[in-house]
Number of protein chains: 2
Amino acid sequence: MITLDYQSRTPIYEQIVNEIERYISLGILKAEEQLPSIREFAMTLGINPNTVKKAYEELERRGSITVISTKGTFVSKNIGGVSQRKIKETIEKIRDEIRELEKLGISKEEIIKKL
Amino acid sequence: MITLDYQSRTPIYEQIVNEIERYISLGILKAEEQLPSIREFAMTLGINPNTVKKAYEELERRGSITVISTKGTFVSKNIGGVSQRKIKETIEKIRDEIRELEKLGISKEEIIKKL
DNA sequence: ATATTTGTACTAGTACAGATAGTACAATGC
DNA sequence: GCATTGTACTATCTGTACTAGTACAAATAT
């Protein structure tokens with residue numbers, strides 16, 4: 001399901017956050033769908049439950065999922081925000097990089113040509 | 001000269017590497033120009049000399065600077081490669097991000113419009 | 001009723017990278 | 001001779017990520 005890169009500098013829990021949000025954006029995970037329990041997910045990934053817990057906490061803070069005690073963890077109802085946020089962030093990143101390239105003397109038109 | 005972000009997740013030594021290469025690319029640092037000595041630079045930035053040393057090692061490994069024992073540290077003769085590399089890397093990053101957005105159902109044309 | 005599963009909430013410990021602190025050495029240039 | 005350069009160590013501190021383990025309450029299934 002999710003593959004982890006232990007060499008990466010981004011922490012495991014953050015990789016989980018990113019992947020889950022990616023799946024939500026892509027429609028692989030649908031609204032109100034139940035996610036694996038902390039323990040089960042940890043087992044599958046071969047990591048410690050606390051790490052999954054931390055990822056779920058961050059995802060809940062962002063409003064991507066909803067945690068219901070003794071019931072389980074679920075993808076949020078209104079998912080639209082997740083992919084909207086992702087899109088916005090990505091566009092902003094691209095803009096920053098274009099700005100960097102412009103400083104190096106390359107025009108936006110030249111950049112677009114190369115894409 | 002260089003401003004460090006201690007909140008950032010990217011290590012100090014790497015921030016130094018990035019900034020120096022940026023300055024070289026921008027022409028602020030010119031070929032064969034002498035860089036501050038390890039000790040002096042460390043003093044200026046208020047950090048430990050070993051951290052500057054590590055940055056200089058990485059920069060030398062990349063061929064951006066040349067370290068001459070008991071003489072000092074200098075920007076490399078052929079600087080062209082530095083900004084060429086930076087440009088290539090940045091373009092590649094942008095391509096990756098466009099690919100991500102396309103997966104979310106946005107066409108390249110739409111993306112370019114928003115830039 | 002009992003057992004299982006859920007999330008929650010701790011504490012303690014390990015491992016690693018980044019950064020600091022300090023010392024010492026050899027070569028160069030004044 | 002003296003200051004400055006890079007080099008090369010070792011030891012230590014610190015924060016973060018992650019692991020390990022335990023315990024609890026609420027819901028659910030049998």
Side-chain angles (χ1 to χ4, degrees), chain A residues 1-21 24 29 31-77, chain B residues 1-21 24 29 31-77:
Chain A
M1 180 179 185
I2 281 186
T3 47
L4 298 175
D5 177 5
Y6 290 95
Q7 315 307 320
S8 167
R9 181 174 300 177
T10 49
I12 308 271
Y13 80 91
E14 206 168 309
Q15 290 183 42
I16 297 174
V17 169
N18 291 336
E19 285 297 278
I20 299 271
E21 289 206 330
I24 292 176
L29 283 173
E32 304 190 62
E33 185 170 335
Q34 181 162 15
L35 291 169
S37 80
I38 291 178
R39 289 175 178 80
E40 188 195 339
F41 205 4
M43 273 281 293
T44 311
L45 296 175
I47 60 177
N48 191 282
N50 292 332
T51 308
V52 178
K53 165 83 169 138
K54 194 167 181 183
Y56 278 8
E57 274 170 354
E58 174 62 16
L59 283 163
E60 186 173 36
R61 203 190 58 74
R62 296 198 199 181
S64 303
I65 67 173
T66 309
V67 181
I68 304 177
S69 234
T70 78
K71 298 282 271 182
T73 305
F74 304 85
V75 177
S76 292
K77 284 187 182 178
Chain B
M1 180 178 187
I2 283 184
T3 47
L4 299 175
D5 178 5
Y6 290 95
Q7 313 309 319
S8 167
R9 184 174 298 178
T10 49
I12 307 272
Y13 80 91
E14 207 169 307
Q15 290 184 40
I16 296 174
V17 169
N18 292 336
E19 284 296 279
I20 299 272
E21 290 205 331
I24 293 176
L29 283 173
E32 305 191 62
E33 185 170 334
Q34 183 162 15
L35 290 170
S37 81
I38 291 178
R39 289 174 179 80
E40 187 195 338
F41 205 3
M43 273 282 291
T44 311
L45 295 176
I47 60 176
N48 192 282
N50 292 331
T51 307
V52 177
K53 166 84 168 137
K54 194 167 182 184
Y56 278 6
E57 275 170 354
E58 174 61 17
L59 283 163
E60 186 172 36
R61 202 190 59 75
R62 297 198 199 181
S64 303
I65 67 173
T66 309
V67 180
I68 305 176
S69 235
T70 79
K71 299 281 274 184
T73 304
F74 304 85
V75 177
S76 293
K77 284 188 182 178

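Sequence lines set the chain letters: A, B, ... in the order given, protein chains first and strands last, and positions in each chain run from 1. From a predicted model like this one, the values you see are computed outputs, not experimental measurements.
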E60(A): side chain to side chain donor-acceptor pair (under 3.5 Å) partners, not counting sequence neighbours: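 Partners of E60(A) under the side chain to side chain donor-acceptor pair (under 3.5 Å) test: none.
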Could you tell me which residues satisfy side chain to side chain donor-acceptor pair (under 3.5 Å) with T70(A), sequence neighbours excluded, listed by chain and number?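 So T70(A) forms no side chain to side chain donor-acceptor pair (under 3.5 Å) with any residue.
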Before accepting this row, confirm whether a basic side-chain N of the pair R62(A)/E58(A) lies closer than 4.0 Å to the acidic partner's carboxylate O. yes
Contact boundaries on DNA chain D for chain A, cut-off under 4.0 Å to non-hydrogen atoms: dA17(D) to dT28(D)
Salt bridge (charged side-chain N to carboxylate O under 4.0 Å, His left out) involving E19(B) - partner list, sequence neighbours excluded: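 E19(B) satisfies salt bridge (charged side-chain N to carboxylate O under 4.0 Å, His left out) with R22(B) only.
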By the definition side chain to side chain contact (heavy atoms under 4.5 Å, CB included), identify the one residue from T73(B), L59(B), V75(B) that meets it with I20(B).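 Running side chain to side chain contact (heavy atoms under 4.5 Å, CB included) over T73(B), L59(B), V75(B) with I20(B) returns exactly one hit, L59(B).
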Specify the residues of residues 60-68 of chain A, ordered by number, for which at least one heavy atom lies under 4.0 angstrom from an atom of DNA chain C.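 Heavy-atom contacts with DNA chain C come from V67(A), I68(A).
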Within residues 44-56 of chain B, those residues having any heavy atom closer than 4.0 Å to DNA chain C are I47(B), N48(B), N50(B), T51(B), K54(B)
For residues 32-42 of chain A, the side-chain hydrogen bond (donor to acceptor under 3.5 Å, both in side chains) pairs (sequence neighbours left out) are none
Closest-nucleotide 5' rank along DNA chain D - winner of R39(A) and Q15(A): Q15(A)
Minimum heavy-atom distance between I2(A) and L45(A), given as atom pair plus value: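 Minimum heavy-atom contact is O-CD2, 3.6 Å.
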Contact summary for N48(A) and A42(A), nearest pair of heavy atoms: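 Looking at all heavy atoms of both residues, the shortest contact is C-CB, 3.9 Å.
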Could you check whether any side-chain heavy atom of V52(B) comes within less than 4.5 Å of a side-chain heavy atom of Y13(B), counting everything from C-beta outward?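 V52(B) vs Y13(B): side chains apart.
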So do I65(B) and Y56(B) actually touch side chain to side chain, heavy atoms under 4.5 Å? yes
Ignoring hydrogens and angles, tell me if any N or O in the side chain of E21(B) forms a donor-acceptor pair with the backbone of S64(B) under 3.5 Å. no
Among residues 5-13 of chain B, which contact DNA chain D at a heavy-atom distance under 4.0 Å?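 Result for residues 5-13 of chain B: none.
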Mind checking the CG-OG spacing from L29(B) to S76(B)? Nearest 0.5 Å is all I need.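 Rounded to the nearest 0.5 Å, the CG-OG separation comes out at 11.5 Å.
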Qualifying residues under side chain to side chain contact (heavy atoms under 4.5 Å, CB included), relative to [X], sequence neighbours excluded:
{"X": "I68(A)", "result": "T66(A), K71(A), F74(A)"}
{"X": "S69(A)", "result": "none"}
{"X": "K53(A)", "result": "I38(A), E57(A)"}

Quick one: which protein N/O atoms are closer than 3.5 Å to N/O atoms of nucleotides 26-30 of chain C? Pair and distance per line, please.
from    : atom 1 : to     : atom 2 : distance (Å)
dT28(C) : O4'    : T70(B) : OG1    : 3.1
dG29(C) : OP1    : K71(B) : NZ     : 2.9

